[in-house]
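All values below were derived from every heavy atom in this structure, side-chain atoms included, with hydrogens, water molecules and symmetry-related copies excluded. Quantities reported herein were computed from a predicted structural model and do not represent experimental measurements.
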Amino acid sequence: MIEVTHLCKSFGTTQALNDISLTFQDNTLHGIIGPSGAGKTTLLRLMIGLLKKDCGDISYFSDEKQVPFSEIRKDIAYMPQQQSLYADLSVEEHMKFFASMYGVDEKDYKELSERLYGITRLEKFKDKPAGKLSGGMYKKLGLMCALLRSPKIILLDEPTNGVDPISRREFWNILNDAVSNNGLVVMTTAYMDEAERCGCVHLLENGVVIAEGEPRQLLDMDQVENFDQFFIKRVKKHE
């Protein structure tokens, strides 16, 4: 579990996050939903330790006990929004490189890679350079590399942004598979239609949490049909 308490972060005069508190439970796919500038990426970067907070706390728990970030860091996989792979390396070269970096032995690598190739359908593209992959395949390769370390926590920054509909559906299958294997997945997205695919959603607007909870319960609570309507209604309440 990850617990965020009264977290604040500013960049100059811009308040990216303003006193937000959130809880991310295990065995759940959490969606941080909001438009560009809502504070989604800042929150994820603070959770992975890439940024320093101005105030507040981020607490990590394992087996119901709070543990220091340094202890749980090895169990966290992070996939940034921007391109982070090597254009000249093939799919297979990326897999072997990250396996070596994570210290995955040959037997475990064989089992993991076979499973990941199977669910991503990238096996026939093993020899293709990352720079020549489509947007959807590139994102799937990035996720495969992150999953090689068998993480307990997966943080994904807009993994489906710019991805074609078929690849988006396959991406969700991979994420649901990770959750079914006792994982905690936290992903950001600006696509409101993806909110209903999550186990729990956290809506951000201008660095403030405007709603969170189980998707269907939130929609029923506000008597709306979808999250586009829900978001507009909640933003008006906070104006």
Side-chain angles (χ1 to χ4, degrees), residues 1-4 7-11 14-26 28-51 53 56 58 60 76-85 135-136 138-147 151-165 167-176 178-179 183-215 218 226-228 230-231 234-235:
M1 184 177 75
I2 303 175
E3 193 171 72
V4 174
L7 192 64
C8 302
K9 181 63 182 178
S10 296
F11 299 98
T14 302
Q15 186 80 39
L17 294 174
N18 186 8
D19 191 28
I20 70 168
S21 295
L22 300 164
T23 299
F24 302 101
Q25 298 282 359
D26 62 350
T28 306
L29 201 167
H30 292 264
I32 302 173
I33 319 291
S36 177
K40 304 186 302 296
T41 295
T42 299
L43 174 57
L44 233 56
R45 289 179 177 174
L46 286 165
M47 290 167 63
I48 196 63
L50 293 177
L51 293 174
K53 61 186 183 295
I58 303 175
Y60 304 85
I76 302 177
Y78 170 64
M79 182 175 161
Q81 183 179 352
Q82 67 272 19
Q83 292 192 353
S84 56
L85 303 177
Y138 186 97
K139 291 286 185 73
K140 285 190 287 186
L141 173 57
L143 184 55
M144 285 172 65
C145 293
L147 293 176
K152 296 178 181 178
I153 300 171
I154 305 171
L155 306 179
L156 309 169
D157 194 4
E158 301 209 20
T160 57
N161 185 30
V163 175
D164 63 271
S167 292
R168 279 178 68 187
R169 185 166 60 248
E170 292 175 345
F171 221 97
W172 278 98
N173 291 336
I174 299 170
L175 298 182
N176 288 324
V179 171
L184 163 57
V185 177
V186 181
M187 65 167 286
T188 68
T189 180
Y191 296 131
M192 291 294 160
D193 64 300
E194 293 190 329
E196 293 185 62
R197 293 175 175 264
C198 301
C200 182
V201 295
H202 315 267
L203 271 70
L204 296 185
E205 170 67 359
N206 292 326
V208 176
V209 179
I210 61 173
E212 62 178 328
E214 191 276 324
L218 292 177
N226 55 58
F227 270 89
D228 287 302
F230 181 84
F231 188 79
R234 284 303 177 105
V235 168

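At distances below 3.5 Å, at least one donor-acceptor pair connects side-chain atoms of Tyr60 with backbone N or O atoms of Met47. With hydrogens and angles disregarded, a donor-acceptor distance shorter than 3.5 Å links the side chain of Thr188 to the backbone of Glu158. For Lys9 (side chain) and Leu17 (main-chain N/O), no donor-acceptor pair under 3.5 Å exists by modelled atom type.
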Could you give the side-chain donor-acceptor pairs of residues 199-212 under 3.5 Å, partners two or more places apart or in another chain?
| residue | atom | partner | partner atom | Å |
| --- | --- | --- | --- | --- |
| His202 | ND1 | Glu212 | OE1 | 2.8 |
| His202 | NE2 | His30 | ND1 | 2.9 |

Counting only pairs under 3.5 Å, give me each side-chain donor-acceptor contact of residues 32-46, with atom names and distances, residues two or more places apart or in other chains.
| residue | atom | partner | partner atom | Å |
| --- | --- | --- | --- | --- |
| Lys40 | NZ | Gly34 | O | 2.8 |
| Lys40 | NZ | Pro35 | O | 2.9 |
| Thr41 | OG1 | Asp157 | OD1 | 3.2 |
| Thr41 | OG1 | Asp157 | OD2 | 2.9 |

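For Gln15, the side-chain hydrogen bond (donor to acceptor under 3.5 Å, both in side chains) partners at least two apart in sequence or on another chain are Ser10. The side-chain hydrogen bond (donor to acceptor under 3.5 Å, both in side chains) search around Lys140 returns Glu170, not counting sequence neighbours. Under the salt bridge (Lys or Arg N to Asp or Glu O under 4.0 Å) criterion, Arg168 pairs with Asp193, Glu194, not counting sequence neighbours. When the salt bridge (Lys or Arg N to Asp or Glu O under 4.0 Å) test is applied to Glu196, the partners found at least two apart in sequence or on another chain are Arg216.
A distance of 5.0 Å separates CD1 in Ile174 from CG in Leu143, rounded to the nearest 0.5 Å. Within the model, atoms OH of Tyr78 and CD1 of Ile154 stand 14.5 Å from one another, a figure rounded to the nearest 0.5 Å. The distance from the CG atom of Leu22 to the CD atom of Glu3 is 10.0 Å, given to the nearest 0.5 Å. With rounding to the nearest 0.5 Å, the separation of CE in Met144 from CE in Met79 is 11.5 Å.
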**Message:** side chain to side chain contact (heavy atoms under 4.5 Å, CB included), that's the test. Do Tyr191 and Asn161 meet it? Break it down for me.
**Reply:** CA-CA 8 Å; Tyr191 296 131; Asn161 185 30; 3.6 Å; yes
**Request:** Might you work through the side chain to side chain contact (heavy atoms under 4.5 Å, CB included) test for Leu155 and Phe24, ending with a clear yes or no?
**Result:** CA-CA 11 Å; Leu155 306 179; Phe24 302 101; over 6 Å; no
**Asked** Does the pair Met1 and Leu184 meet the rule for a side chain to side chain contact (heavy atoms under 4.5 Å, CB included), with working shown?
**Response** CA-CA 8 Å; Met1 184 177 75; Leu184 163 57; 5.7 Å; no
**Request:** I would like to know whether Met192 and Asn226 meet side chain to side chain contact (heavy atoms under 4.5 Å, CB included); could you show each step before the answer?
**Result:** CA-CA 8 Å; Met192 291 294 160; Asn226 55 58; over 6 Å; no
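Between Leu85 and Gly142 the shortest heavy-atom distance is CD1-N, 3.9 Å.
Contact of the Cys198 side chain with the Leu29 side chain is registered, since non-hydrogen atoms from C-beta on lie closer than 4.5 Å.
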